[in-house]
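Letters go in sequence order (proteins before strands), and every chain restarts at 1.
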Amino acid sequence: MFRVLKQEGRAKRGEFRTVHGVIQTPVFMNVGTVAAIKGAVSTEDLERIHTQVELSNTYHLHVRPGDKIIKQLGGLHKFMSWDRPILTDSGGFQVFSLAGLRKIKEEGVYFHSHIDGRKIFMGPEESMQIQSNLASTIAMAFDECAPSLADRSYVQASVERTSRWLERCKAEMDRLNVREDTINKNQLLFGINQGAIYADIRTAHAKQIARLGLDGYAIGGLAVGESHEEMYYIIEETVPFLPEDKPVYLMGVGTPANILEGVERGIDFFDCVYPSRNGRHGHLYTNHGKINLFNAKYELDDRPIEEGCGCPACRRYSRAYIRHLLKAKEMLGMRLCVLHNLYFYNTMMEEIRDALDAGEFAAYKKRKLAGFAGIQQ
RNA sequence: GGAUGGGUAUGCCCAGCGGCGAGGGCAGCGGACUGUAAAUCCGUUACAAAGAAACACCGCAGGUUCGAGUCCUGCCCCAUCCA
């Protein structure tokens with residue numbers, strides 16, 4: 001399923017075969033939590049901006065519209081009209097982000113819906129069942145994303161529970177994949193490594209889950225409060241203990257620089273809300289750093305967001321016009337910004353793959369980072 | 001000429017109806033955001049700076065009161081209506 005085509009240090013150029021098509025790695029997955037990229041981006045748009053994998057969320061789709069409804073409608077691919085790979089996050093991140101609305105127990109997590117307050121129980125089995133109903137390409141194991149500032153004893157206990165949950169996820173997924181009425185009987189399962197910023201907990205956990213023969217392995221619980229240096233250190237320490245023949249997914253990360261550093265340290269999959277959320281907020285990624293289109297200095301700027309960019313925004317519209325749309329709260333402004341940012345990320349991943357193919361990743365990374373650090377336009 | 005309603009810090013809109021060193025919204029400007037409770041959130045524009053010391057202020061000027069943005073009188077301006 002996962003084939004490493006080329007390697008440069010720990011950086012890998014690979015191919016991941018799925019029933020919904022081949023994923024060229026390293027890849028950045030475009031986040032559409034509720035089966036929609038926020039900012040009025042359609043799946044047709046995703047094709048235009050070279051998206052390989054769309055990412056949606058188990059908890060959010062369970063709450064609304066309901067995974068059973070999506071199953072009745074033929075699964076998530078048919079529902080949102082997207083026939084390429086989809087990865088569904090398990091709800092584990094909501095254990096972190098909705099911390100005020102949930103209680104963790106051995107059996108699973110009791111949430112109060114952020115929509116209407118109703119009680120929702122989600123354990124490993126429930127998360128797998130929901131993801132099976134959604135019929136995503138890749139399901140994520142149900143974990144606890146613990147805060148990186150959590151103390152050692154908490155993290156130790158949390159990781160042990162996440163391990164027990166992982167075995168339950170695996171057993172449940174194996175059961176669901178042979179059921180008659182399962183839409184995607186080839187649904188893949190990725191396990192998630194945790195351990196906050198404690199390298200020894202991370203590596204012990206990595207060794208333990210590596211034995212389970214999962215389809216891929218994720219590093220979770222990073223970029224949740226620790227420094228970049230701590231994050232990079234944890235990645236360096238952890239990756240060597242994950243199976244070499246399986247893709248490694250760094251969850252929720254990150255900035256373009258984070259991605260370059262991640263690739264160098266052996267990461268194959270990334271995802272982050274940054275390009276879409278920052279796009280909606282008027283922050284645009286360019287090869288010369290990030291710009292905030294809300295700033296008054298762009299009022300009369302008739303250049304595109306980035307000269308030479310092939311995205312739907314840059315091909316046709318000026319900074320001044322898009323700034324006007326944003327300030328006027330016209331949806332088109334956000335949409336164009338999100339399209340630009342996702343295109344920027346997807347294009348950067350293409351460049352990374354090309355560089356790896358050519359054996360020039362190190363030089364590419366250096367050049368790219370120097371550009372980001374340059375003077376903002 | 002008359003009637004009624006208004007003029008509140010910095011551009012606009014407004015709250016306050018005797019204890020006010022006057023509150024909010026919008027706009028403007030800036031910032032934050034990492035497996036999305038986020039088209040969100042935060043900051044922001046007299047002076048001073050924790051000192052019973054100093055003192056800008058509610059269209060303007062007086063007055064009543066221990067105390068006035070608030071009550072009274074006059075004036076100015078705006079809106080609507082009537083002549």
Side-chain touch A:Leu260/A:Glu264, heavy atoms, less than 4.5 angstrom: no
Sugar-phosphate, base or nothing in reach of A:Asn57, heavy atoms under 4.0 Å: sugar-phosphate
Nearest-angstrom distance from the residue atom CG of A:Leu293 to P of B:C29: 13 Å
Candidates A:Phe190, A:Phe28, A:Phe2 - the one meeting ring pair (Phe, Tyr, Trp, His ring centres under 6.0 Å) with A:Phe269: A:Phe190
Pairwise C1' distance, B:U73 and B:A79 [rounded to whole Å]: 24 Å
Sugar-phosphate, base or nothing in reach of A:Phe294, heavy atoms under 4.0 Å: sugar-phosphate
Residues A:Ser127 and A:Gln131: side-chain donor-acceptor under 3.5 angstrom: yes
B:C82 versus B:G19 - spacing of their C1' atoms, nearest Å: 42 Å
Polar pair under 3.5 Å, donor/acceptor by atom type, side chain A:Asp143, base B:G35: yes
A:Met140 side chain near A:Met251 side chain, heavy-atom distance below 4.5 Å: yes
Touch class at under 4.0 angstrom, heavy-atom based, for A:Ser113 against every strand present: nothing
Contact nearer the 5' end of RNA chain B, comparing A:Gly32 with A:Met334: A:Gly32
